[in-house]
Amino acid sequence: MKKKTLLLLISFAFLSCNKTSKVETQNTDKQIDSLSVNKEVLKSETEINTESKAQNWYDGLIADYIKKSDNKLIKTSLKNKERIEWLLDRTEKTDSTNYYIFNIGQDVSEEDGTESRFTSDGWIYIDSISKKIYEYDLPNDSLIVWKNKHNR
């Protein structure tokens, strides 16, 4: 009788643990944190002048930044009518906020279509709380708040 009871308890514990993990998986699927999306490589296929199918909250901010940026490389890309894209590189958590870090540039390749690569025009950080954009100043290794001069 003791062996049967012990076997029953072990199987009950095993089944309970298995069911709990299924419930947790279902809950995490339903409640996706906006920062947990960064685990996948996200690439915006959105051109500046077209609407995208499903945009994240930061896509509009980035598109506005690209249209109004003083970055010479971005201005040149726009002038040459190149397709500007942005890649979510990573997120960075600090004591006071979380930053989404984006690489802005375009895909380029040789004339025959070989050696495709992404060339960077600039890096921006977006504060997930205040929704402010910061330009990354590479030589000084610092962030500069982007002030939308066209929207004053």
Side-chain angles (χ1 to χ4, degrees), residues 13-152:
F14 177 73
L15 291 174
S16 296
C17 292
N18 192 15
K19 186 171 183 169
T20 303
S21 66
K22 286 181 183 177
V23 171
E24 288 174 2
T25 303
Q26 290 172 351
N27 287 340
T28 56
D29 289 343
K30 290 179 185 175
Q31 300 173 353
I32 296 176
D33 179 49
S34 62
L35 287 178
S36 67
V37 177
N38 75 323
K39 293 178 184 172
E40 301 173 20
V41 177
L42 297 178
K43 183 175 181 179
S44 175
E45 299 291 355
T46 308
E47 288 188 87
I48 300 298
N49 298 325
T50 62
E51 294 181 26
S52 85
K53 297 172 188 166
Q55 291 187 341
N56 291 309
W57 62 266
Y58 46 72
D59 285 337
L61 290 173
I62 298 170
D64 189 47
Y65 169 79
I66 290 170
K67 288 178 189 174
K68 300 172 183 175
S69 176
D70 292 331
N71 181 321
K72 291 178 183 178
L73 293 173
I74 292 175
K75 283 184 174 182
T76 302
S77 295
L78 287 173
K79 183 180 174 184
N80 295 339
K81 299 187 181 197
E82 295 174 2
R83 182 178 178 160
I84 297 177
E85 301 174 336
W86 50 91
L87 303 173
L88 175 58
D89 185 59
R90 67 184 187 280
T91 58
E92 194 170 293
K93 295 182 181 186
T94 64
D95 292 339
S96 59
T97 192
N98 299 318
Y99 291 105
Y100 288 95
I101 303 170
F102 291 92
N103 186 356
I104 299 174
Q106 59 276 339
D107 286 319
V108 294
S109 61
E110 300 301 321
E111 289 180 14
D112 60 355
T114 60
E115 297 187 33
S116 180
R117 61 200 173 278
F118 187 82
T119 59
S120 179
D121 291 338
W123 290 85
I124 60 170
Y125 286 55
I126 299 181
D127 184 331
S128 67
I129 297 172
S130 69
K131 310 291 192 258
K132 287 185 180 179
I133 296 176
Y134 297 85
E135 296 175 304
Y136 179 64
D137 182 14
L138 184 63
N140 297 318
D141 192 28
S142 63
L143 296 178
I144 302 168
V145 177
W146 178 63
K147 295 184 174 143
N148 186 351
K149 297 173 187 165
H150 303 278
N151 211 14
R152 286 187 176 187

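Residues take their numbers from the sequence shown, with the count starting at 1.
In this structure, a donor-acceptor pair under 3.5 Å is absent between the side chains of S77 and N80. For the residue pair T114/D112, the side-chain donor-acceptor check at 3.5 Å is satisfied. Side chain to side chain, D89 and W123 fail the donor-acceptor criterion of an N or O pair below 3.5 Å. Between Y125 and E135, the side chains place no donor N or O within less than 3.5 Å of an acceptor N or O (distance only, hydrogens not considered).
Put simply, the side chain of L78 reaches to within 4.5 Å of the side chain of I84, judged on heavy atoms. Counting only heavy atoms from C-beta outward, the side chains of I126 and F102 approach each other to under 4.5 Å.
Looking at every heavy atom in both residues, D121 comes nearest to L73 through O-CD1, 3.6 Å. Of all heavy-atom pairs between P139 and D137, the closest is CD-OD1, 3.1 Å. Residues S116 and S109 come closest through the heavy atom pair CA-CB, 3.7 Å. The two residues Y100 and S128 make their nearest non-hydrogen contact at CE1-CB, 3.6 Å.
Atom CD1 in I144 sits 13.5 Å away from atom CH2 in W146 (nearest 0.5 Å). The CD atom of E92 sits 4.5 Å away from atom CD1 of I101, with the distance rounded to the nearest 0.5 Å. Remark: N103 CG to W86 CH2 distance equals 12.5 Å, nearest 0.5 Å.
Between the side chain of R90 and the backbone N or O of L88, no donor-acceptor pair lies under 3.5 Å. Here the side chain of T119 pairs a donor or acceptor atom with the backbone of Q106 at under 3.5 angstrom. No donor-acceptor pair closer than 3.5 Å links the side chain of D64 to the backbone N or O of L61. The backbone N or O of Y58 lies less than 3.5 Å from no partner atom in the side chain of N56, so there is not a single donor-acceptor pair.
In this structure, K131 satisfies the cation-pi test against W57, with its NZ or CZ atom closer than 6.0 Å to the six-membered ring centre and inside 45 degrees of the ring normal.
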